[in-house]
Amino acid sequence: MIDFSSTFKMALLSLKVNKMRSILTSLGIIIGVSAVIIMLAVGQGASVKIQKDMSTMGSNLLMVSSASVTSGGVRMGRGTKPTLTLKDSQAIEKNCPSVGFVAPYSSEAKQVTYGNQNWSTSIAGTTPEYMAIRDWKINLGRNLSDEDISNMSKVAIIGNTVANELFGDLDPINRTIRIGGVPFKVIGLLESKGQNSMGHDQDDFVMIPITTGQKKVFGTNFPGTVSMINIKAKDADSINSAEAEVTELLKARHKIGKKQEDDFQVRNLTQMMETMQSAVKTMSLLLGSIAGVSLLVGGIGIMNIMLVSVTERTKEIGIRMAIGAKSTDIQIQFLIESLLLSIIGGIMGLIFGILGAKLIELFGSMTVYISGFSIALSLGFSGIIGVVFGYYPAYKASLLNPIDALRYE
């Protein structure tokens, strides 16, 4: 029967006696595990960042914008001439059963003032449904209403950045700001959403009724047009059918033939997010594979040094066999040594990997995410490598002839 306790003590004693060799043997595993942790943290962090950014934009979202148009045989640039109208938005809401919410949208940069404070920001003209589409929430005050749209009310909802720049610590509700010289009463303050992945401050804008914007704020050569129509499908399963319904309806309304190019563009943001996440997963897999190669190299290093150790400790092995140790005892001792080196290297690599990931997040302005899965994967893989690459040296040690081993110099 194998005495695991004494065999384990012998393996541990051997590692203590040869500290430098043990450290060098574990170095490859330390580097490999650190690389796996850092690579997966960066890849998963990118995925988390994409999901967070897309969630701030809203779910099940379609965005319809003006496309390229042809004038006098000359193709104009994309968005040169607005081709979408408020009536298009109303038609989509009435005639597309898969659509949940519709909100026309137009925006311009304007100077906003309050007292002696001023701030240049984006003025967004839209409807009450925009809040539900973009999953925005009101922190103070109220949302726009249908009456505000029909009456062309001069009311505004502001983001946190605008509130801080114009009002500081003052409560902005019911105070009057001027947009391009036109007075607007602040009726709402939005919850903060922060910056998106492009670095754009999502809290730096003012929302007003689109009818008021078209009549009193925006200068346009195309009355009644909007720059974009935001659409939210009823649910995730309806987004593709909503896209098809909107496309078919706008083709009919704009009298676009089968062979003609659309004067609008429908973008499915859910598909865009899935494509981006797929790309990030591929990148994470690639990074993880590269880091995995480091672990394999570390495993080969363990095997090489353990083989050298077998040669150096031939006489020791012969003495152990001469006093009663069996071949299986010798084999298990070397396997335990290899496994311990891998586990110790894995733990140290985990510590260095977490520190490295945090430094990348701190100094590289990147989002990193260290999951339990990546930790378990790294430690598990390092342990497997210890067993796999330690097996051959252990097997070779167990085959030594005791008499030949004792004679070895």
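Basis for what follows: all heavy atoms, side chains included, without hydrogens, waters or symmetry-related copies.
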Can a donor-acceptor pair be found between the side chains of [X] and [Y] at a distance below 3.5 Å?
X      : Y      : result
Asp235 : Ser238 : yes
Asn139 : Glu191 : no
Ser98  : Ser241 : yes

Pairwise salt bridge (charged side-chain N to carboxylate O under 4.0 Å, His left out) hits with a residue in residues 139-157, at least two apart
Arg142-Asp148
Mind checking ring pair (Phe, Tyr, Trp, His ring centres under 6.0 Å) for Phe184 and listing every partner two or more places apart, or none if nothing turns up?
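Checked Phe184 against ring pair (Phe, Tyr, Trp, His ring centres under 6.0 Å); zero matches.
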Could you pull out all residues at least two apart from Phe205 that satisfy ring pair (Phe, Tyr, Trp, His ring centres under 6.0 Å)?
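Scan of Phe205 (ring pair (Phe, Tyr, Trp, His ring centres under 6.0 Å), adjacent residues dropped) gives Trp136.
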Are the side chain of [X] and the backbone of [Y] linked by a donor-acceptor contact shorter than 3.5 Å?
X      : Y      : result
Ser34  : Gly349 : yes
Asp203 : Lys193 : yes
Thr83  : Asp263 : yes
Thr212 : Ser153 : yes

Pairwise distance [atom1]([X]) to [atom2]([Y]) - rounded to 0.5 angstrom:
X      : Y      : atom1 : atom2 : result
Asp169 : Asn164 : CG    : CG    : 8.0 Å
Ile133 : Met63  : CD1   : CE    : 10.0 Å
Asp204 : Ser122 : CG    : OG    : 8.0 Å
Ser65  : Gln265 : OG    : CD    : 5.0 Å
Ile239 : Leu62  : CD1   : CG    : 4.5 Å
Leu86  : Gln90  : CG    : CD    : 6.0 Å

The test is side-chain contact (heavy atoms from CB on, under 4.5 Å); show your working for Met131 and Met207 and say whether it passes.
CA-CA 10 Å; Met131 298 288 289; Met207 188 163 64; 3.4 Å; yes
Salt bridge (charged side-chain N to carboxylate O under 4.0 Å, His left out) partners of Lys251, counting only residues at least two apart:
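Once residues adjacent in sequence are excluded, the partners of Lys251 under the salt bridge (charged side-chain N to carboxylate O under 4.0 Å, His left out) criterion are Asp262.
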For [X] versus [Y], what's the shortest heavy-atom pair and its separation?
X      : Y      : value
Lys232 : Ala132 : NZ-O, 3.2 Å
Asn240 : Asn268 : OD1-ND2, 3.6 Å
Ile123 : Ile208 : CG2-CD1, 3.7 Å
Ile370 : Ala357 : CD1-CB, 4.0 Å
Ile149 : Ile210 : CD1-N, 4.2 Å
Ala124 : Phe218 : C-CZ, 4.5 Å

I'd like to know whether Phe352 forms a side-chain contact (heavy atoms from CB on, under 4.5 Å) with Ile37, so could you lay out the CA-CA distance, the side-chain angles of the two residues, the decisive distance to 0.1 Å, and finally the verdict.
CA-CA 9 Å; Phe352 287 128; Ile37 293 293; over 6 Å; no
Are any non-hydrogen side-chain atoms of [X] and [Y] less than 4.5 angstrom apart?
X      : Y      : value
Val155 : Pro209 : yes
Thr85  : Val226 : no
Pro104 : Thr127 : yes
Gln202 : Arg134 : yes
Arg253 : Asp88  : yes
Val246 : Val64  : yes
Val36  : Ile38  : no
Val102 : Asn230 : no

More than 12 heavy atoms from other groups under 6.0 Å of CD on Glu248
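It does not: Glu248 CD has 12 such atoms or fewer within range.
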Phe101 atom CZ, over 12 foreign heavy atoms within 6.0 Å:
no
Applying side-chain hydrogen bond (donor to acceptor under 3.5 Å, both in side chains) to Ser192 and Asn160, what does each step give before you reach the verdict?
CA-CA 6 Å; Ser192 178; Asn160 268 270; 4.7 Å; no
From the list Ile138, Asn143, Ile173, Leu144, side-chain contact (heavy atoms from CB on, under 4.5 Å) partner of Ile187 resolves to Leu144
Partners passing side-chain contact (heavy atoms from CB on, under 4.5 Å) against Ile351 (at least two apart in sequence or in another chain):
Ile347, Leu355
Under the side-chain contact (heavy atoms from CB on, under 4.5 Å) rule, what do Val206 and Ile157 come out as? Steps first, then yes or no, please.
CA-CA 6 Å; Val206 175; Ile157 298 173; over 6 Å; no
Are Asn60 and Ile231 close enough, and set up right, to give a side-chain contact (heavy atoms from CB on, under 4.5 Å), and what steps lead you there?
CA-CA 8 Å; Asn60 309 325; Ile231 298 169; over 6 Å; no
Summary of side chain to side chain donor-acceptor pair (under 3.5 Å) pairs that have at least one residue in residues 174-184, sequence neighbours excluded
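Those involving residues 174-184 are Tyr114-Arg175.
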